[in-house]
There are 2 protein chains.
Amino acid sequence: MQDEDVSDRRSETLGDEIFDRILDLIYSCELEPGMVVNESALATRFGVSRGPVREAIRRLQGIQLVSREAFMRARVVSLSPQAILELFQMREALEGYACRLATLHMTDEAIDKLISDLETAHALGPQADKTHFDFHERIVRASGNSRIVDSLCGDLYHLLRIYRRISGAVPERKEHAFTEHWQILRAVKARDAALAESLMRSHVERAGRQVLAQVPETRHPGAGGAER
Amino acid sequence: MQDEDVSDRRSETLGDEIFDRILDLIYSCELEPGMVVNESALATRFGVSRGPVREAIRRLQGIQLVSREAFMRARVVSLSPQAILELFQMREALEGYACRLATLHMTDEAIDKLISDLETAHALGPQADKTHFDFHERIVRASGNSRIVDSLCGDLYHLLRIYRRISGAVPERKEHAFTEHWQILRAVKARDAALAESLMRSHVERAGRQVLAQVPETRHPGAGGAER
DNA sequence: AACCATAAATGTGTCAACAGTTCGATCCCT
DNA sequence: AGGGATCGAACTGTTGACACATTTATGGTT
């Protein structure tokens, strides 16, 4: 084993390093949802002790990316349709409110900048996939509420990312998304907070339905999938 | 040291035990906001190794109750006025949405039960302090969204609890709160989701302003208080 | 052949010691 | 006397070994 070794960077702690490393393993689907996350195996693989690995897994558990109890083995979380619905509902609440705050707090210049960025990104087309979430992140960060930003961009983001490749696979959805993003920004520019929030909610809900419709038979072992 | 010893329960892991123990220390103000959380000191105090204590502190860091970076000592988080505002904003978004979901999903019987419980609790008066949050928790759980429930009742709840004794100290606020709770329930019973959500938001915002007005000069070291 | 009890094997929880960094105080220099 | 570098003390990060729980394999029983 030990295909990769850690030996260079020293700015951050080893636990942080391993945390990112395992995250990449999950993103690259080497650790698929439902698979067990073995402490000692990962430890020997990364060439470190079990301590940092254990710590990283605990952090992953903290942001709900792996499920684990007492002495059971940790597993990469596998979301049931119900869990996906709840995830998008929470995003709806938080991102809608963030959009409201952004409408109230953004400067006119920042709004215009965001509009132009959106349009140029859409004109480019190809890498519009990346643009999608950039828009949402921009709005969320513009809310000025760092707690909401952390929750959305730090925790939920990881979960969404696992299931996002599915929604990104639909081609004509992107055009819809662009239109909706543009409408939201119009409401923001008009300083209509209620409308902006409402539009954002609808937009997120639609995206959620999209994902939910395309992932009805993801593996969710134990007929639950929900953890903790 | 070692004023207390852990030797009986074995159902849960030691780390969980220590986690609850430190939480109690924070609630009982033995660990005030801003104070350092010393791994080895707590380890010898609880009569365990540093491992479980370390794990517990990491979990506390995960729910934002202690702040810590790289090799620095961990400290109990001390919220700046700005951070308190953001906390209540997040609660406003989440709890408002939860109220909306509850309005859509609760059965008529459950609503009537909640109304009668609220009124009897108000009639008793004395322990109305406990009732306050019970109401919110009841609504949140009635939403049926376990992710929102976990976030509100599991994470934010701990932070709010530290600063709640201040808001609870105001006497006539309780009467206000009861009236607002009652109005919210009327909207729920009328199945007016938009109104219920709006009322809940106003209610939470008012509570937040109350706390904010009474804690202008809490210690927030480093002229920031916000962590991470 | 199916089923329950038992035992090896795997994996997690805990511990005590070691290594590196930060914090605090002392000491030196201007 | 004030400011800054230096040394020591305290604390966090990391490690490898040990103890316990769970899972899997094995064997005896009905």
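When reading the values below, keep in mind they use all heavy atoms of this one structure, side chains included, and skip hydrogens, waters and symmetry mates. Note on naming: letters A, B, ... go to the chains in the order of the sequence lines (proteins, then strands), and numbering restarts at 1 for each one. Owing to the predicted nature of the structure, the values given are computational and were not obtained by experimental measurement.
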For this session: Would you please classify the geometry between the B:H181 ring and the B:H203 ring as parallel, tilted or perpendicular, with 30° and 60° separating the classes?
Result: perpendicular

For this session: Ignoring backbone atoms, establish whether B:R54 has a side-chain N or O less than 4.0 Å from OP1 or OP2 of C:dG13.
Result: no

Problem set entry | Residue-phosphate contact under 4.0 Å: A:R58 side-chain N/O, C:dT12 OP1/OP2 | no

Exercise. When the distance from CD of A:E55 to P of C:dG13 is rounded to whole Å, what number comes out?
Worked result: 14 Å

Exercise. Given D:dT15, D:dC11, C:dG11, which nucleotide is nearest the side-chain atoms of A:N38?
Worked result: C:dG11

Problem set entry | B:E69 CD to D:dT12 C1', straight-line distance once rounded to whole Å | 13 Å

Problem set entry | Any A:T13 side-chain N or O less than 4.0 Å from OP1/OP2 of D:dT14 | yes

Problem set entry | Sugar-phosphate, base or nothing in reach of B:V36, heavy atoms under 4.0 Å | nothing

Exercise. Atom CZ of B:F46 and atom P of C:dT14: how far apart are they, to the nearest Å?
Worked result: 14 Å

For this session: Please determine, for the side chain of A:E39, which listed nucleotide (C:dC15, C:dT12, D:dC11) has the closest atom?
Result: C:dT12

Exercise. Taking 4.0 angstrom as the limit, do B:E86 and A:R147 come out as a salt bridge?
Worked result: no

Problem set entry | Nucleotide of C:dT22, C:dC15, C:dT12 approaching A:R50 most closely (side-chain heavy atoms) | C:dT12

For this session: Specify the separation, in whole Å, of atom CD of A:E12 and atom P of D:dT14.
Result: 10 Å

Problem set entry | Note: B:R59-B:E55 ion pair, threshold 4.0 Å (strictly below) | no

Exercise. Nearest of C:dG13, C:dC15, C:dT14 to any side-chain atom of A:F71?
Worked result: C:dG13

Problem set entry | Below 4.0 Å: OP1/OP2 of C:dG13 and any side-chain N or O of A:R73 | no

For this session: Specify the separation, in whole Å, of atom CG of B:L42 and atom C1' of C:dC15.
Result: 17 Å

Exercise. If you look at every strand shown and take non-hydrogen atoms under 4.0 Å, does B:G51 touch a base, only sugar-phosphate, or nothing?
Worked result: nothing

For this session: Could you walk me through whether B:Q89 and A:Y97 pass side-chain hydrogen bond (donor to acceptor under 3.5 Å, both in side chains), step by step?
Result: CA-CA 9 Å; B:Q89 280 183 341; A:Y97 195 88; 4.8 Å; no

Exercise. From C:dG11, D:dT15, C:dT14, pick the nucleotide closest to the side chain of A:S49?
Worked result: D:dT15

Exercise. Between C:dT21 atom P and A:L14 atom CG, what is the distance in whole Å?
Worked result: 12 Å

For this session: State whether B:R75 places a side-chain N or O below 4.0 Å from either non-bridging phosphate oxygen (OP1 or OP2) of C:dC23.
Result: no

Exercise. So do the side chains of B:V77 and B:Q64 get within less than 4.5 Å of each other, counting heavy atoms only?
Worked result: no

For this session: May I have the distance from B:D16 (atom CG) to C:dT12 (atom P), rounded to whole angstrom?
Result: 16 Å

